[in-house]
*Asks:* 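The structure that follows is given in the form of structure tokens.
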Protein chains: 2
Amino acid sequence: MREPTSSLQGEIRAFVLEKIVGGEWAPGARVPSETELVARFGTSRMTVHHALKALTAEGYLRRVKGLGTFVAPPRAHVLHARLTDVADEITERGGRHRTEVLDHDVRCASSTEAALFQLPPGERLLHARLLHFENDTPLQIEDRLIDPARVPGVEDLDPAAESYFAFLMGKVPYPAGRAVVRAVMPPMETRFLLRMGPEEPALEVERVTRAPDGAVLTVARLTYPGTRYVLSGEIAPPIGRGPDPVGDDE
Amino acid sequence: MREPTSSLQGEIRAFVLEKIVGGEWAPGARVPSETELVARFGTSRMTVHHALKALTAEGYLRRVKGLGTFVAPPRAHVLHARLTDVADEITERGGRHRTEVLDHDVRCASSTEAALFQLPPGERLLHARLLHFENDTPLQIEDRLIDPARVPGVEDLDPAAESYFAFLMGKVPYPAGRAVVRAVMPPMETRFLLRMGPEEPALEVERVTRAPDGAVLTVARLTYPGTRYVLSGEIAPPIGRGPDPVGDDE
DNA sequence: GAATCCAGCTTGTATAGGCAAGTTTCAGGC
DNA sequence: GCCTGAAACTTGCCTATACAAGCTGGATTC
């Protein structure tokens, strides 16, 4: 992470960050107060304040009104793994992507499906099952349910032409949600479709996508052959999001 | 995500964020300039400026000097999965944790290991293989290599008493690194140790942890029984980190 | 001794002004 | 038409000041 020291804020930021990641200031330790840093760097308090506030938002510091600034205790690391469109992923590494539609219908929600979507049972749900190929080798089975009432126009979409991922991204650019990653032994049909070996496990990513208001838009189960796909990402300390990053414990 | 409108910055932030996540302002669209928002909210420019800057750091906006402020194009979603200490994870959900040491020795690095650590071959490496139990049921095999030259005191650690994760966290609180998650069919010995079923796959997390200066500190391979463990996390748009969050493409 | 209050520290927030630096646009001169 | 340059706009950054709100510790008072 390169640190621009071109600005005064950047200088203060680099100074504090270096002490933290270098271990000189241990987690929980007191950081010099704003006025002390003002004296050290000869800047105005606002400049110091904004440098420290930025580091707080990034999870390195913890500030308590009336008390002072402290090095945040890192209790966990976070894996940041990109969940991209499988079509993008394939074309990005120079492959050829093709979609085969296995199932595509509108059904009435079963009781479990209705509970998942927090809808009354019997509500209409769009269901699609797609097989994604990379250079004519199957790479992913996408099993997806969508609430068509919340995603207008999705019923007219041709999944072979435009992916649901891209379509939903266009409709709801900033969704929330959860995902679960597991290792499974898939059923015979899946093994056959993905041309998997007799002992080969599958990596399964199941994700629930919600609109900003909390309503479930879509539930997707993505199945990959274990020998042909891995999930990878960067590791970093947790990042604060929004103006109220603390207030969880203690 | 609750939004405090108690402050003027919070009001402006909520106003802009609501337009973005609500889809009213599409990705790439122009956001009112600072002076326009000043006129609308009747605040000083700095107040508007800091509200917009915070949203930029969180990845919602993109600002170009001389041009204006725009809604950031969300190109991918990111899975934020916490990688915690198994011991913490188990005790947090009320379980009893116990560690069994399978292997614990100092060896000379093989050529592949040396390449992994970017060290000359034959350098001393600490190797440990641990079996973690939750209520006497095996949950994880931890296979770990550590560079003792970079982690002083690690050779005196008793892995059954304190986890390497916690020890390393104390030594290098803010590490960097990468992790890979895959589904595998583990060898016989692993299946036996983890008491896995005959057809049960395993979830494997392999992570490389580096010091802030880039040197590899430790490589860990964590193996879980597929039916007893899943990796889960929140999904959110990518977050900018540091003062230079863009500058990658276009 | 115990409770109270206040001074002195801390951070949070907002204001008003200024200058720098980048982009666009359009008028003017060639 | 083409190039040039200035004006007008944008964001980036810094300063100086002010007040609010929260915590701590010590002096005061009971």
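Just so we're on the same page: letters track the sequence lines, and every chain starts at 1.
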*Asks:* Just the rounded figure in Å: distance from P of C:dC19 to CG of A:L8.
*Replies:* 17 Å

*Asks:* Tell me yes or no: between the side chains of A:E34 and A:H49, is some donor less than 3.5 Å from an acceptor?
*Replies:* yes

*Asks:* Where the side chain of A:R63 is defined as all heavy atoms beyond and including C-beta, which of C:dT24, D:dT11, C:dT11 is the nearest nucleotide?
*Replies:* C:dT11

*Asks:* Listing time: all N or O pairs from protein to nucleotides 6-9 of chain C that are below 3.5 Å?
*Replies:*
none

*Asks:* Under the rule for side chain to side chain donor-acceptor pair (under 3.5 Å), what residues qualify as partners of A:S44, not counting sequence neighbours?
*Replies:* A:T47

*Asks:* Listed by chain and number, what are the side chain to side chain donor-acceptor pair (under 3.5 Å) partners of A:R228, not counting sequence neighbours?
*Replies:* none

*Asks:* Could you list the residues that satisfy ring-ring contact (aromatic ring centres under 6.0 Å, His included) with B:F133, not counting sequence neighbours?
*Replies:* none

*Asks:* Measure from CG on B:L61 to P on D:dG12 and round the result to the nearest Å.
*Replies:* 10 Å

*Asks:* Rounded to whole angstrom units, what separation is found between the CZ atom of B:R62 and the P atom of D:dT11?
*Replies:* 15 Å

*Asks:* Looking at A:R178 and B:E234, is there a salt bridge between them, counting it only when a charged N and a carboxylate O are closer than 4.0 Å?
*Replies:* yes

*Asks:* Does A:V38 have any side chain to side chain contact (heavy atoms under 4.5 Å, CB included) partners at least two apart in sequence or in another chain, and if so, which?
*Replies:* A:R45, A:V48

*Asks:* Nearest whole Å is fine: how far is C:dT24 C1' from B:L67 CG?
*Replies:* 8 Å

*Asks:* Which nucleotide, C:dT24, D:dT24, C:dT11, lies nearest any side-chain atom of A:T69?
*Replies:* C:dT11

*Asks:* Any residue in residues 37-52 of chain A with a heavy atom nearer than 4.0 angstrom to DNA chain C? Just list them by number, or reply none.
*Replies:* A:R45, A:M46, A:H49

*Asks:* With sequence neighbours excluded, tell me which residues meet side chain to side chain contact (heavy atoms under 4.5 Å, CB included) with B:D147.
*Replies:* B:F117, B:L119, B:L125, B:A149, B:R150

*Asks:* Using atom CD of A:E34 as one end and atom C1' of D:dC14 as the other, report the distance to the nearest whole Å.
*Replies:* 15 Å

*Asks:* Considering residues at least two apart in sequence or located in another chain, which fulfil the side chain to side chain contact (heavy atoms under 4.5 Å, CB included) criterion with A:A87?
*Replies:* A:D85, A:H97

*Asks:* Between protein and nucleotides 3-6 of chain D, what N or O pairs are separated by less than 3.5 Å?
*Replies:*
none

*Asks:* With sequence neighbours left out, write down each residue that passes side chain to side chain donor-acceptor pair (under 3.5 Å) with B:E142, or none if nothing qualifies.
*Replies:* B:H132, B:R144

*Asks:* Return the set of residues passing side chain to side chain contact (heavy atoms under 4.5 Å, CB included) with B:E18 (not counting sequence neighbours), or none when no residue passes.
*Replies:* none

*Asks:* Restricting to ring-ring contact (aromatic ring centres under 6.0 Å, His included), what partner residues turn up for A:F70, sequence neighbours left out?
*Replies:* none

*Asks:* Check the phosphate of C:dT13 against A:K65, side-chain N and O only, distance under 4.0 Å to OP1 or OP2. Yes or no?
*Replies:* no

